[in-house]
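See below for the structure under consideration.
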Amino acid sequence: MAHINVPEGVPGIRSLVMFRPETGKPLYELAQVLLRRKSTLSEAERELIAAYVSKRNDTMFCMMSHAAASKAFYGDDATIVDDVLKDMHQANISNKMKALLHIAGKVQILGSAVKQEDIDAARTEGATDKEIHDTVLIAAAFSMFNRYVDGLASFTPTDEKEYEAMGIRMAEKGYITPPTPKGGR
Amino acid sequence: MPHINVDENLPGIRSLMAFSPETATPMGKLANLMLRTNEGLSMAEREMIAAHVSYLNDCFYCQQSHGAIAACYLNGDTDLVEQVKKDYEQAEISDKMKALLSIAGSVQKGGKHVTEEQIKKAKEEGATDRDIHDTVLIAALFCMFNRYVDGLAANTPTDLSTYPLRAKQIAEHGYGNYIFSIPQPA
């Protein structure tokens, strides 16, 4: 059960955003800009960074939902997602993505864990300032979202099918705040 | 030196926000909503939670900045702020604040570290659902801000006398994209 009185049966961050719609709005805006704005990193790749960090933080809700969104974007190549979550070094992704995921993994530990050589390695593989910025901020943002979701013990569905539908919705519609419950809060 | 090419005249997160104003906008809104209200928790208490979490994350820029902002709201009581940052159990703050800081400390480690007992204790000391929500979200937000600042090695002023100037600006005008788009307070 969640630590605070949130709408029952509503999963993960959606329940928290319904508890406090005021903060929910900029939280979803941040996700939308970071994961959907025009970028040289594809939406599939950015969702994958989010899922990768959430897995390292052991936050099942965020890991499953963002993995599902990444799969929806990868389409025929969806197996990449599980491969990366299992062992990114063995996965069929570019060396640039591997270098960026490595940076994301460092950010998940702590900002100061990112070393100059990690940045240099990403640049050698062709990563731009913008891509490095977005990778660090996605990893930092999910270090926040994961703690928000787990810190309040929000409801985590266990049925994989539910996440598949969630991922398709996230890919098609992006991050739109859920409706405020009747009566408001 | 920062890991990416940002404006070297801007300190800390301000340089990163200027690099990416589109992401700065929702971050500024979150900071205002969570830190600039006295509803339930005072602005001083909210900034102390931010400073404590930033201290635990060893983020020099954020702990100095938010410590200085908290001190602005506490008539310059930097001793109290330093005590809360480093060892809040000994600080002269309410038992409710101690219980909430303990929750914030658990969030800093990872969301699952927050226990039923900690929540129960906070509620016994008078914390509402809203206070607990805000504490967890402030702690989570600073786990983001701290990683953003240090993960990109943003410029961190070592001259401590510059922090109160920026703190006064925030205490008077709040957060927002103006903090990087107008000349820095000097």
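In the text below, chain A, chain B and the rest are named by the order of the sequence lines, each starting its count at 1. Predicted model, so just to flag it, every value in this text is computed and none were measured.
- Within a 6.0 Å sphere centred on NZ of A:K25, other residues, nucleotides and ligands contribute 12 heavy atoms or fewer.
- Only the backbone of B:K109 comes within contact range of chain A, judged by heavy atoms closer than 4.5 Å.
- Only the backbone of A:K115 comes within less than 4.5 Å of a heavy atom of chain B; no side-chain atom from C-beta onward does.
- Proximity to chain A is limited to the backbone of B:Q108, based on heavy atoms less than 4.5 angstrom apart.
- In this structure, NZ in A:K130 is found 14.0 Å from CG in B:N5, a value given to the nearest 0.5 Å.
- For A:L30, the parts lying under 4.5 angstrom from a heavy atom of chain B are both the backbone and the side chain.
- There is a path of hydrophobic side-chain contacts, each under 4.5 Å, that joins A:Y175 to A:L34.
- Judged purely by distance below 3.5 Å, without hydrogens or angles, the side chains of B:S20 and A:R37 pair a donor atom with an acceptor atom.
- In this structure, the side chains of A:H133 and B:T23 come closer than 4.5 Å at one or more pairs of heavy atoms.
- The neighbour count for A:E8 CD, taken as heavy atoms of other residues, nucleotides or ligands under 6.0 Å away, does not exceed 12.
- A 6.0 Å sphere centred on CD of B:E89 holds more than 12 heavy atoms belonging to other residues, nucleotides or ligands.
- The environment of A:D159 atom CG is dense: over 12 non-hydrogen atoms of other residues, nucleotides or ligands sit within 6.0 angstrom.
- Heavy atoms of A:V107 lying under 4.5 Å from chain B belong to its backbone as well as its side chain.
- For B:D87, the CG atom is densely surrounded, since the number of other residues' heavy atoms within 6.0 Å is greater than 12.
- Classified by interplanar angle (parallel below 30°, tilted 30° to 60°, perpendicular above 60°), the ring pair B:H133/A:Y148 is perpendicular.
- Of the atoms belonging to A:Q32, not a single heavy atom falls under 4.5 Å from chain B.
- Taking NZ of B:K29 as the start and OG1 of A:T23 as the end, the distance is 12.5 Å to the nearest 0.5 Å.
- Put simply, the side chain of A:L152 does not reach to within 4.5 Å of the side chain of B:L137, judged on heavy atoms.
- In this structure, the side chains of A:H3 and B:Q118 stay at 4.5 Å or more apart for every pair of heavy atoms.
- At distances below 3.5 Å, at least one donor-acceptor pair connects side-chain atoms of B:D129 with backbone N or O atoms of A:N5.
- The shortest distance between side-chain heavy atoms of A:L110 and B:D150 does not fall below 4.5 Å.
- Of the listed residues A:L27, A:L16, A:D118, the one with more heavy-atom pairs under 4.5 angstrom with chain B than any other is A:L27.
- Residue B:F142 does not touch chain A at all, counting heavy-atom pairs closer than 4.5 Å.
- For A:D58, the parts sitting under 4.5 Å from any heavy atom of chain B are the backbone and the side chain alike.
- Around atom CD of B:E172, more than 12 heavy atoms belonging to other residues, nucleotides or ligands sit under 6.0 Å away.
- Two residues are said to be in side-chain contact when any heavy atoms from C-beta on lie closer than 4.5 Å; B:M144 and A:S143 fail this criterion.
- For A:E125, the CD atom is densely surrounded, since the number of other residues' heavy atoms within 6.0 Å is greater than 12.
- No side-chain heavy atom of A:S112 sits less than 4.5 Å from a side-chain heavy atom of B:D58.
- Heavy-atom neighbours of B:D159 CG from other residues, nucleotides or ligands within 6.0 Å: above the threshold of 12.
- A:R147 places no side-chain N or O within donor-acceptor distance of the main-chain N or O of B:G111, the cut-off being under 3.5 Å.
- Across every non-hydrogen atom of A:P26 and B:P26, the tightest pair is O-CB, 3.4 Å.
- Between A:R20 and B:D134, some side-chain heavy-atom pair lies under the 4.5 Å cut-off.
- Screening A:I119, A:I103, A:V136 for a side-chain contact (heavy atoms from CB on, under 4.5 Å) involving B:L152 leaves a single residue, A:V136.
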